[in-house]
Protein chains: 2
Amino acid sequence: MIVSIAECRQYLNQEVTIRGWLVHKRSSGQVRFLIIRDGSGILQAILLKNKAQAEVFQSFDLLTQESSLVVTGILHADSRAPGGVELELSRLDLFQLTKDYPISPKEHGIGFLMEHRHLWLRSARQQAILWIRHELIRAIHDFLDGHHFIQLDAPLLTPAACEGTSTLFSTSYFDQGSAYLSQSGQLYMEAGAMAFGRVYCFGPTFRAEKSKTRRHLTEFWMVEPEIAFADLEELISWAEKLISFMIERVLAKRRPELQLLERDIAFLEKINPPFPRLSYSQAIDLLAQKGVSLPFGDDLGGDEETLIASQFDQPLVIHRYPSVCKAFYMKRDPEDSRLVLNMDILAPEGYGEIIGGSAREEDLEQLQERIKEHNLSEEDLRWYLDLRRFGTVPHGGFGLGLERVVAWVCGLKHVREAIPFPRTLYRLYP
Amino acid sequence: MIVSIAECRQYLNQEVTIRGWLVHKRSSGQVRFLIIRDGSGILQAILLKNKAQAEVFQSFDLLTQESSLVVTGILHADSRAPGGVELELSRLDLFQLTKDYPISPKEHGIGFLMEHRHLWLRSARQQAILWIRHELIRAIHDFLDGHHFIQLDAPLLTPAACEGTSTLFSTSYFDQGSAYLSQSGQLYMEAGAMAFGRVYCFGPTFRAEKSKTRRHLTEFWMVEPEIAFADLEELISWAEKLISFMIERVLAKRRPELQLLERDIAFLEKINPPFPRLSYSQAIDLLAQKGVSLPFGDDLGGDEETLIASQFDQPLVIHRYPSVCKAFYMKRDPEDSRLVLNMDILAPEGYGEIIGGSAREEDLEQLQERIKEHNLSEEDLRWYLDLRRFGTVPHGGFGLGLERVVAWVCGLKHVREAIPFPRTLYRLYP
């Protein structure tokens with residue numbers, strides 16, 4: 001019977017057939033060990049000189065890393081084997097004897113590994129990262145669906161570059177001129193929130209920025225919930241609950257993967273809302289205490305974020321930034337019109353901003369004024385302004401960058417390993 | 001206490017506050033009825049002349065469709081009201097009195113409605129369609145996750161136009177020349193299947209085709225599972241199970257929405273695998289019987305598909321097409337080398353192809369030969385060929401077009417209503 005490695009525990013003392021790839025092999029006296037993977041798990045198979053047919057026993061010597069094969073044998077419980085099961089091999093057939101597999105167990109440079117990303121995915125470490133990514137994606141859908149949010153996919157081809165074209169990829173769109181690849185589905189989600197109350201989009205977004213930092217990709221996944229009637233306080237609460245839910249889920253279901261990555265789980269186990277908060281002004285003061293002077297009105301950069309966040313062991317909420325460094329749609333703070341009602345959440349341990357959100361300006365005239373101040377085109381935002389003409393209500397939302405969270409949860413130095421096929425300034429292949 | 005309309009049944013005989021939008025209003029003697037939506041549901045509120053304050057009672061006359069408001073009152077059970085609950089209104093506050101809402105209850109042309117898609121989403125019919133879409137998306141994730149598939153997101157920015165540039169959107173990518181918007185994540189999923197066994201991607205894909213049919217969008221969502229060691233028979237079985245699971249889920253959870261759409265549920269209730277099958281040759285014969293002559297080697301067009309599918313009340317599997325009309329990566333049928341081991345699944349009732357898939361050619365030399373025959377560049381497919389060099393195994397997969405399935409399940413004549421913000425040859429706005 002053909003079974004997957006994950007199912008092996010159900011077939012103890014029975015003969016099964018497994019299809020997979022050789023991870024590595026070793027000899028010890030009269031025993032030969034094969035470590036086999038099939039995508040569902042890792043299995044140890046053994047060949048015993050005094051029991052296996054001579055032909056099968058000898059074929060061991062030929063086997064190479066990443067050869068694809070079919071093995072048949074009896075499954076035995078063995079607490080020393082990975083997964084607690086060992087296969088005593090009686091038959092071995094090859095799909096392909098692999099020659100010169102480029103990724104050996106020795107160290108390779110990151111450029112080489114990225115050039116071979118299509119093969120590098122087979123390594124245990126990359127698999128652990130991507131299973132954790134999978135679990136985080138599931139957790140996001142489960143959390144939002146559980147709270148009656150509708151997934152409302154935003155379009156990626158958009159008609160106008162309403163925040164300037166400098167960081168947008170563009171393409172020719174039939175007779176309609178240029179289309180731009182979306183940086184955010186937010187404006188569409190605002191239309192959705194006026195219809196469905198609680199909505200989110202979750203898909204790829206694009207930034208044509210010439211950034212080479214370890215936190216930037218040109219194509220990355222973002223989830224963007226938008227909520228009718230929510231104020232800043234409620235938005236922070238939703239964000240706290242979502243992050244906590246995601247971390248709990250990974251701790252509950254992906255401990256083996258975290259262990260394989262040698263992630264210090266203690267950092268994740270202590271995540272517990274409500275998170276500490278600083279206003280932008282308090283953040284500036286904290287920076288000043290640390291010897292960094294940031295003039296009021298300047299946005300926090302990556303270095304400042306890291307310095308501030310390092311003072312806390314929880315995600316940190318920073319709220320009410322100066323309006324001059326923020327987007328046109330953010331609602332002004334009624335208590336200080338120089339500020340907007342926004343919030344960023346910084347991951348602990350220096351992993352940077354993982355969430356950015358705000359209350360949105362719901363008043364038509366205020367919004368029109370902001371559009372002028374930002375030198376944007378009212379014509380391009382025609383449909384968006386309709387949302388303030390026809391039944392406007394207070395609302396807000398936020399975006400969570402998936403790869404940033406994966407990098408934090410997995411303890412990765414660079415986001416490029418947090419996505420199956422990363423796209424950066426210098427990398428469009430494979 | 002502020003509650004959502006969906007929660008109202010929990011607060012019978014209590015005073016609650018609801019925030020939402022006026023759908024419509026009517027008068028009957030001494031009673032005024034307001035139908036209010038908040039995204040979570042529809043609530044009937046009543047004003048009684050002899051009980052409400054005169055000021056509140058009079059404000060009813062001012063109210064317009066899509067005005068945003070806050071209402072407070074006592075909830076009563078009432079089987080005649082939508083949701084079985086009615087609010088006896090004691091207080092009414094406006095966020096905004098909406099003027100000249102463009103979409104009135106009267107009929108509008110499709111061009112007008114699409115131009116106002118950001119508002120049209122508020123209509124009950126569009127909401128029902130998009131909740132069914134949401135449920136279908138959830139069902140896809142639940143089914144695949146439940147069978148240990150990993151979600152492995154394929155990149156949308158891709159380096160080479162390996163199936164020709166004529167139907168691809170392109171963009172300039174820094175110093176790397178052009179990048180192309182992906183038509184399919186399949187090749188990447190094949191790399192994934194060699195690493196994880198069972199993988200899928202689920203995201204937007206793009207076709208720059210100048211098609212104006214009711215089945216085509218330039219941006220649409222596709223789920224693409226890819227499975228190591230699977231043969232054509234297993235692929236058909238996975239596809240049958242996935243479709244059945246999706247239909248069952250919608251029937252279990254979205255009956256009110258199907259009813260609102262006046263969908264004849266009997267068609268969906270009888271979906272039950274295994275589905276009927278025709279080989280391509282049998283399909284040609286069937287067409288001939290119906291008076292349509294299709295030369296061997298020609299692909300089935302939309303009209304042929306509709307004619308064939310109309311003979312069945314189940315989804316129809318058509319398999320083993322001529323290789324000349326199919327993609328280079330499809331595996332040849334060992335029993336007839338003119339054919340490939342592929343399958344399409346056509347929805348019943350004339351909704352067209354919803355799934356296309358195949359076994360993939362796993363042999364390096366065969367694949368190189370196909371690449372030459374199709375005038376493709378081996379250099380562009382360098383990394384893809386690595387998958388046949390290093391531990392190749394039999395495998396296959398398929399793609400399911402989400403909007404086609406939504407259109408079928410909802411009984412829509414055109415796929416443009418099956419996605420929140422459709423993109424077609426003539427539409428890039430809003």
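Naming: A, B, ... by sequence-line order, numbering from 1 per chain.
Using modelled atom types, no side-chain atom of A:Thr171 and backbone atom of B:Thr171 make a donor-acceptor pair closer than 3.5 Å. The backbone N or O of B:Arg388 lies less than 3.5 Å from a partner atom in the side chain of A:Gln96, making a donor-acceptor pair. Formation of a donor-acceptor pair under 3.5 Å by the A:Thr98 side chain with backbone atoms of B:Gly391 is found in this model. Distance alone, capped at 3.5 Å, places no donor-acceptor pair between the A:Glu219 side chain and the B:Pro155 backbone. Checking side-chain atoms of B:Tyr429 against main-chain N and O of A:Trp383 turns up a donor-acceptor pair under 3.5 Å. Checked by atom type and distance alone, the side chain of B:Ser68 never pairs as donor or acceptor with a backbone atom of A:Val393 at under 3.5 Å. Using modelled atom types, no side-chain atom of A:Glu66 and backbone atom of B:Phe390 make a donor-acceptor pair closer than 3.5 Å.
Chain B forms more heavy-atom pairs under 4.5 Å with one residue of A:Ala208, A:Gly203, A:Pro422, A:Ala193 than with any other, namely A:Ala208. Interface summary for chain B: among A:Pro102, A:Ser67, A:Ser123, A:Cys201, the most heavy-atom pairs under 4.5 angstrom belong to A:Pro102. Heavy-atom pairs under 4.5 Å with chain A were tallied for B:Lys99, B:Lys210, B:His116, B:Arg382; the largest tally goes to B:Arg382. Of all the listed residues (B:Gln126, B:Gln65, B:Arg122), the one sharing the greatest number of non-hydrogen pairs under 4.5 Å with chain A is B:Arg122. Chain A forms the most heavy-atom pairs under 4.5 Å with one residue out of B:Val70, B:Leu94, B:Thr392, and that residue is B:Thr392. The most heavy-atom pairs under 4.5 Å with chain A, out of B:Arg37, B:Gln127, B:Gln176, B:His148, come from B:Gln127. If you tally non-hydrogen atom pairs under 4.5 Å between each of A:Ala191, A:Ser170, A:Ala154 and chain B, the highest count goes to A:Ser170. Contact count against chain B (heavy-atom pairs under 4.5 Å) is highest for A:Asp145 among A:Asp145, A:Val199, A:Ile419, A:Asp100.
With a 4.5 Å cut-off on side-chain heavy atoms, A:Arg423 and B:Pro159 count as touching. Considering only heavy atoms from C-beta on, A:Leu181 stays 4.5 Å or farther from B:Leu156 through its side chain. Taking 4.5 Å as the limit, every side-chain heavy atom of A:Phe196 sits out of range of all side-chain heavy atoms of B:Ser40.
Atom CZ of residue A:Phe202 and atom CD1 of residue B:Ile137 lie 12.0 Å apart, to the nearest 0.5 angstrom. Once rounded to the nearest 0.5 Å, the distance linking CH2 of A:Trp221 with CG of B:Asp153 reads 4.0 Å. Atom CG of residue A:Leu144 and atom NE2 of residue B:His134 lie 9.0 Å apart, to the nearest 0.5 angstrom.
Neither the backbone nor the side chain of A:Ala6 comes within contact range of chain B; no heavy atom of the residue lies under 4.5 Å from a heavy atom of that chain. If you measure heavy-atom distances from B:Ser4 to chain A, you find no contacts under 4.5 Å at all. With a 4.5 Å cut-off on non-hydrogen atoms, A:Glu135 does not touch chain B at all. Proximity to chain B (any heavy atom under 4.5 Å) is restricted, for A:Ser172, to the backbone atoms N, CA, C and O. Heavy atoms closer than 4.5 Å to chain A are found in the side chain of B:Glu115, but not in its backbone. For B:Phe220, no part sits under 4.5 Å from any heavy atom of chain A, backbone or side chain. For A:Leu119, the part sitting under 4.5 Å from any heavy atom of chain B is the side chain, from C-beta outward, and nothing else. The part of B:Pro204 that comes within reach of chain A is its side chain, from C-beta onward, which places non-hydrogen atoms under 4.5 angstrom from that chain. Heavy-atom distances place both the backbone and the side chain of B:His141 under 4.5 Å from chain A. Looking at B:Arg133, only its side chain comes within 4.5 Å of chain A, counting heavy atoms on both sides. Both the backbone and the side chain of B:Trp131 come within contact range of chain A, judged by heavy atoms closer than 4.5 Å.
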Practice problem: Please step through side-chain contact (heavy atoms from CB on, under 4.5 Å) for the pair B:Trp21 and A:Met194, ending with a clear verdict. | Solution: CA-CA 9 Å; B:Trp21 295 266; A:Met194 301 300 115; 3.7 Å; yes
Practice problem: Apply the test side-chain contact (heavy atoms from CB on, under 4.5 Å) to residues B:Leu157 and A:Phe206: give CA-CA distance (whole Å), side-chain angles for both, the deciding distance (0.1 Å), then the verdict. | Solution: CA-CA 9 Å; B:Leu157 293 168; A:Phe206 301 89; 3.8 Å; yes
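A side-chain donor-acceptor contact under 3.5 Å links A:Thr218 and B:Tyr173.
The heavy-atom pair separating B:Ala195 from A:Leu121 by the smallest distance is CB-O, 3.6 Å. Taking every heavy atom of both residues into account, B:Ile150 and A:Leu130 meet most closely at CD1-O, 3.5 Å. Of all the heavy atoms in B:Phe229 and A:Gly20, the pair that sits closest is CZ-N, 3.6 Å.
Legend: residues meeting side chain to side chain contact (heavy atoms under 4.5 Å, CB included) with A:Ala418, ordered by chain and number and at least two apart, are A:Glu403, A:Val406, A:Leu412. With sequence neighbours excluded, the residues forming a side chain to side chain contact (heavy atoms under 4.5 Å, CB included) with A:Leu385 are A:Leu364, A:Leu367, A:Gln368, A:Ile371, A:Glu378, A:Arg389, listed by chain and number.
Note: A:Phe174 and B:Phe169 have perpendicular aromatic rings, judged against thresholds of 30 and 60 degrees for the angle between ring planes.
Salt bridge present: A:Arg138 and B:Asp142 bring a charged side-chain N and a carboxylate O closer than 4.0 Å.
A cation-pi arrangement is not found for A:Arg117 relative to B:Tyr188, the charged atom failing to lie both closer than 6.0 Å to the ring centre and inside a 45° cone about the ring normal.
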